[in-house]
Protein chains: 2
Amino acid sequence: MVKEKYDVTKFERPSVTVDIILFTIKDNDLKVLLVKRNVWPFKGMWAIPGGFVRMEESLEEAAKRELKEETNVTDVYLEQLYTFGDPKRDPRTRVITVAYFALVDSTKLKLKASTDVRDVKWFSMYNLPKLAFDHEKILKYALKRLRWKLEYTTVAFKLLPEKFTLSQLQRVYEIIFNKKFDKRNFRKKILSLGLVKEVGKEKGVAHRPAKLYKLNKKIGEIVEIF
Amino acid sequence: MVKEKYDVTKFERPSVTVDIILFTIKDNDLKVLLVKRNVWPFKGMWAIPGGFVRMEESLEEAAKRELKEETNVTDVYLEQLYTFGDPKRDPRTRVITVAYFALVDSTKLKLKASTDVRDVKWFSMYNLPKLAFDHEKILKYALKRLRWKLEYTTVAFKLLPEKFTLSQLQRVYEIIFNKKFDKRNFRKKILSLGLVKEVGKEKGVAHRPAKLYKLNKKIGEIVEIF
DNA sequence: TGAATAGTGTCTTTCAGACAATATGCC
DNA sequence: GGCATATTGTCTGAAAGACACTATTCA
């Protein structure tokens, strides 16, 4: 069978959605943003925010638009995660979803009350509710990717404010890997990589103030490997 | 806008295809399989094999089916690469393509003459023809992924017969990275990882015969990380 | 001065990389 | 014996990991 003999308009077409797994660090925990479904199927269950891709927009544009519409979040780090296309994953019809993976600094985040009544909430990745569709599988995959990314790239900085202390950075790693690191070795590693530069000191804390760092501009973009 | 208020059948839907980038090592070179297009658009140009996803099959099933239909190749290592969805990537209509990445051992490959007249040929990755659609971009991305995979996983073995010499393995790495490695360091590394075990010796060669190895079963599957 | 967190150095082990001579089988 | 390829070890430098005490600010 040769595809070019077929008129592309003749094929029955699947629906295509994007879903966005948005992670942040909040309350010393790794959080993911979920929305509550208020219609069939999986009514009342929590789901990863997402929606249908429109004909005139790219997948990444669709992901940004949906994230804004559903959660009022903009300006996030965004990358494509994986495409899930099992024919039975959505009971309504054939739906192929392109999952995106997003990171945001919780301090500059305002989850403005949504205009519609839908619940939008942060959940701990270590204590998830029952999820709609195959979303649990997607989240597990996203967590693997997040860990991989932290190990081999500089995405961790996307979870922090522009200026941060090395202890904050270490805490991000500890929360995401769910284990402790040695403080001296951690700092030695980060500083020897030359990723950051000193830009001041903490103020108004009831203990010795920590040095503040920010990411070196030139190195800050070694993020996009895959 | 809340997606659940919409009837999913109301949206205009994009077409979804799978494309399969099949790599092999042949004639001391990294080759990729391409097919010649015989209709508009890009008539006469070479393209990555692929085709439309059917409603009842998964993406991976579609990739396997298309690969078999277009090139008669089965039994390959297959993983999802990336989904390309630019609205203008196909002049016919909106087509989102899920690209797959495949590896095969050229010694057990029979590209049986296709039943249709279409040309199917191996091209050197280092000397590609003009490609249809955004396929050049897709191939570049696939090469990056291939290199990454060789560095961090054991996929290289998918490009070799079951029994192989360390020199053959080293040649695979040299071809794909397009540079030479030190023989002693390379062998030390492979052997110290405990990935392979000795299973005999070459025969009938006009020089000192090399030891043959095969992949240790238990370790052979450290491939599926991403 | 006590509470809280920041900041710092050494030793050991492991791994990567540079580097060249000998061994084996076939003709 | 000559040809062609296979096989092997040492040294050096860099990075990772184990490990515990002192410094600073504020209340």
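Convention: sequence-line order gives letters A, B, ...; per-chain numbering from 1.
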Quickly work out the [X] [atom1] to [N] [atom2] distance and round it to whole Å.
X	N	atom1	atom2	value
Asn185(B)	dT12(D)	CG	P	15 Å
Lys180(B)	dA16(C)	NZ	C1'	20 Å
Gln170(A)	dA6(C)	CD	P	9 Å
Phe164(A)	dA6(C)	CZ	C1'	16 Å
Glu202(B)	dA23(C)	CD	C1'	15 Å
Arg171(A)	dA6(C)	CZ	P	7 Å
Leu191(B)	dG9(D)	CG	P	11 Å
Leu166(A)	dT8(C)	CG	P	9 Å

[X] atom [atom1]: more than 12 heavy-atom contacts under 6.0 Å:
X	atom1	answer
Asp75(B)	CG	no
Lys197(B)	NZ	yes
Lys31(B)	NZ	yes
Glu136(B)	CD	no

(message) Go nucleotide by nucleotide along DNA chain D from the 5' end; which of Val205(A) and His207(B) gets its closest nucleotide reached first?
(response) His207(B)
(message) Need to verify one output field. Residue with the more 5' nearest nucleotide on DNA chain D, Asp182(B) or Gly204(A)?
(response) Asp182(B)
Nucleotide nearest [X] when distance is taken to its side chain, options [options]:
X	options	result
Arg187(A)	dA6(C), dG17(D), dT24(D)	dA6(C)
Arg184(A)	dA20(C), dA6(D), dC19(D)	dC19(D)
Lys183(B)	dC19(D), dA6(D), dG7(C)	dA6(D)

So does [X] get a side-chain nitrogen or oxygen closer than 4.0 Å to the phosphate oxygens (OP1/OP2) of [N]?
X	N	result
Ser167(A)	dT5(C)	no
Lys201(A)	dA6(C)	no
Lys211(A)	dT8(C)	yes
Lys189(B)	dA16(C)	yes

(request) Classify the side chain of Arg208(B) versus the base of dA23(C) as yes if they form a donor-acceptor pair under 3.5 Å and no if they do not. (result) yes
(request) Spell out yes or no: do the side chain of Lys188(A) and the base of dG17(D) have one donor N/O and one acceptor N/O closer than 3.5 Å? (result) yes
(message) Considering every strand and a 4.0 Å limit on heavy-atom distances, what is the contact class for Ser192(B): base, sugar-phosphate, or nothing?
(response) nothing
(request) For Ala206(B), answer base if it contacts any base atom (sugar-phosphate contacts may also be present), sugar-phosphate if it contacts only those atoms, and nothing otherwise; contact means non-hydrogen atoms under 4.0 Å. (result) base
(message) Check the orientation of Tyr82(A) and Tyr141(A). Use parallel for under 30°, tilted for 30 to 60°, and perpendicular for over 60°.
(response) tilted
(request) Ignoring hydrogens and angles, tell me if any N or O in the side chain of Arg37(A) forms a donor-acceptor pair with the backbone of Ala47(A) under 3.5 Å. (result) no
